[in-house]
Engineer: 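Okay, handing you the structure first.
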Amino acid sequence: MSFETLNLNAQIMRAIKEEGYSEPTPIQAEAIPAVIEGRDLLAAAQTGTGKTAAFTLPMLQKLSAKKGEGKRYIRALVLTPTRELAAQVHQSVRAYGKYLKLKSAEVYGGVSMQPQIRAFRGGVDVLVATPGRLLDHMNQGNVDLSRVEMLVLDEADRMLDMGFINDIKKIISKLPHFRQNLLFSATFSTEIKRLSSSILKDPKMIKVASDNCAAERIKQIVHPVDRAKKADLLSYLIGKNGWSQVLVFTRTKHGADKLSKRLSQDGLPSTSIHGNKTQVARMKALKAFKDGRVRVLVATDVAARGIDIDKLGQVVNFDLPEVAEDYVHRIGRTGRAGNAGEAFSLVCIDEKHLLRRIEKLTQMSIERVRVDGFHPDPSIKAEPAKRGGRGRSSAKRGFSGRSSRSASGSATVKRDRSEFRRKSY
Ligand code: AMP
C-alpha cells in the first residue's frame with residue numbers, strides 16, 4: 001500500500017516524503033482512513049510500530065481541512081505519560097505539519113510555566129501535554145480546552161501505571177462532549193478497558209499483527225552472570241563488539257549514575273538520564289547520545305519513555321525490570337520501523353523470577369548465552385546474601401528484595417543448590 005491512497009493533502013505528503021517514508025506501516029494503513037472518517041480508535045500498538053504518525057497524520061489532515069474562524073483554539077489535545085514522549089510527539093507534529101499553517105505547543109513539568117503560557121497566548125491548534133502540568137495550567141486558568149475536537153491518549157497504559165488516571169479524568173471533564181477520541185496502549189489491563197469504555201464511542205479496534213511487532217524483529221539474548229560481574233561484562237561486551245550507541249537500563253537512578261561513571265572510567269564515554277535530573281540535563285544527555293558524543297546512555301524506565309533514536313542498535317538490560325511490560329517497552333527502543341535490533345539482558349540469580357515473568361508475558365523463551373570468563377559461580381548463587389561484602393545489604397545491591405536472610409542476617413536459609421543447577425535462568 002502507498003501513502004497516495006490515504007487521501008492526505010499535498011503539504012502533508014511532501015513532509016512524509018522528506019521524512020523518507022515510502023509506505024505506511026500496518027497501523028498507519030488501518031488508522032489513518034478511520035480517523036479521517038471521524039471514528040474513535042482503540043489501538044493496541046507498541047512503540048516502534050509508527051503509531052505516532054498513525055494519529056498525527058490524520059489529525060493534521062482533519063485540522064487543516066477545516067479552517068478555524070479567526071482566533072486559534074486548541075482543537076487537538078495529545079496526552080502522553082512523560083516529558084520525553086511529549087517532546088517526541090511534538091517533534092513529529094512539527095515535522096509532518098511543517099507545510100501547514102497550524103500552530104502547536106508542548107507542555108510538561110520540570111521546566112518554567114512562563115514560555116508555555118506565552119505559547120497559549122499566541123494561539124495553539126495542537127497541544128501535546130503531560131497530564132500533571134496541563135492540569136496546573138487549567139487550574140491557573142491559562143488554557144482553554146473548550147474547543148477541543150480531538151483527544152489522543154498516547155501510551156495510555158503507562159499513564160495509568162504512573163497514576164495519572166484522576167488527572168486524565170479531570171482534564172476530560174473539561175473537554176467538549178462531542179469530540180473524537182483515540183486511545184493507544186501497548187497492553188490492555190482491566191483499567192485500560194474501563195477507561196476506554198468510558199470515553200470511546202463505537203471505536204474501531206486496531207491490533208497490529210504480531211509479526212509486525214518490534215519485539216519479534218529484535219534478537220534477544222540473556223547473559224547469565226553474577227551481579228558483581230555485571231559491570232565488567234557490560235564493558236567487555238561493548239568493547240568486544242564495538243557497539244557505538246548503546247542504551248542501558250538500570251532499575252534505580254543511583255544505579256544509573258554509578259554505572260555511567262564506571263563505564264566512563266573504562267574508556268567508554270557514558271552519561272545517564274533519570275528522574276532526579278532536570279529536564280534540561282535530560283535533554284542535554286539525550287542530545288549528546290544522539291550526536292554520538294557519548295557511546296552509552298544509562299537510563300531508568302521512566303526517563304527513557306519516548307526516547308526515539310534512529311537506528312539504535314543495542315539495548316541492554318543491566319537490571320531486569322520489576323514489571324514485565326517494561327521489558328517490551330525497553331527493547332522497543334531498538335528495532336524501530338523495520339530496522340534490526342538487539343537486546344541483551346544481564347541476568348543474575350536474583351532476577352530469575354523476573355525473567356520468568358517476561359517470558360510468560362512475551363510467550364517466548366529467550367536464548368541464554370554464557371560468556372566465557374563470566375559464567376555465574378554456582379557457589380555464590382547458593383548464598384546470595386553472603387556476597388554483599390563491604391557491609392552492603394542485598395537490597396542495596398539491587399537484589400529482588402526476596403532475600404532468604406533472616407532478620408538478624410546470621411541464619412541464611414540454605415537453598416537447595418540443585419535448584420540453581422537446573423540452569424533455569
Ligand atoms: P513510533 O512507533 O511512532 O514511535 O515510530 C517509530 C519510528 O518509525 C519513528 O522513528 C518514525 O520516524 C518511524 N516511522 C513512522 N512511520 C514510518 C513509515 N511509514 N516508514 C518508515 N518509518 C516510519
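All residue numbers in this chain count up from 1 along the given sequence. Just so you know, ligand 1 is whichever comes first in the structure, and atom 1 is the first atom listed for that ligand. Below, all heavy atoms of this structure are taken into account, side chains as well, without hydrogens, waters or symmetry copies. It should be emphasised that the depicted structure is a prediction, and the values quoted were computed from it without experimental measurement.
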Engineer: Polar contacts were defined as any N/O atom of the residue lying under 3.5 Å from an N/O atom of the ligand; does this apply to Q28 and ligand 1?
Structural biologist: yes
Engineer: Going by the salt bridge (charged side-chain N to carboxylate O under 4.0 Å, His left out) test, which pairs reach into residues 123-132, not counting sequence neighbours?
Structural biologist: R72-D125
Engineer: With a cut-off of 4.0 Å, which atoms of ligand 1 are near a heavy atom of T52?
Structural biologist: 1 (P), 3 (O), 4 (O)
Engineer: So, applying side chain to side chain donor-acceptor pair (under 3.5 Å) with H274, which one of T252, D257, T300, T250 is it?
Structural biologist: D257
Engineer: Hey, is the main chain of S146 close enough, under 3.5 Å, to the side chain of D144 for a donor-acceptor pair?
Structural biologist: yes
Engineer: Testing the basics here: between A45 and I27, what is the closest heavy-atom pair and its distance to 0.1 Å?
Structural biologist: CB-CD1, 3.2 Å
Engineer: Is the H137 ring parallel, tilted or perpendicular to the F120 ring (thresholds 30°, 60°)?
Structural biologist: perpendicular
Engineer: F3: what forms a ring pair (Phe, Tyr, Trp, His ring centres under 6.0 Å) with it, not counting sequence neighbours?
Structural biologist: none
Engineer: Would you mind listing which atoms of ligand 1 come within a distance below 4.0 Å of any non-hydrogen atom of T25?
Structural biologist: 17 (C), 18 (C), 19 (N)
Engineer: Considering distance alone, does some N or O of Y96 sit under 3.5 Å from an N or O of ligand 1?
Structural biologist: no
Engineer: Could you list which atoms of ligand 1 come closer than 4.0 Å to a heavy atom of E23?
Structural biologist: 18 (C), 19 (N), 20 (N)
Engineer: Return the option from S22, A54, G50 holding the heavy atom at the smallest distance from atom 1 (P) of ligand 1.
Structural biologist: G50
Engineer: Does F3 reach ligand 1 with a nitrogen or oxygen that is under 3.5 Å from one of the ligand's nitrogen or oxygen atoms?
Structural biologist: no
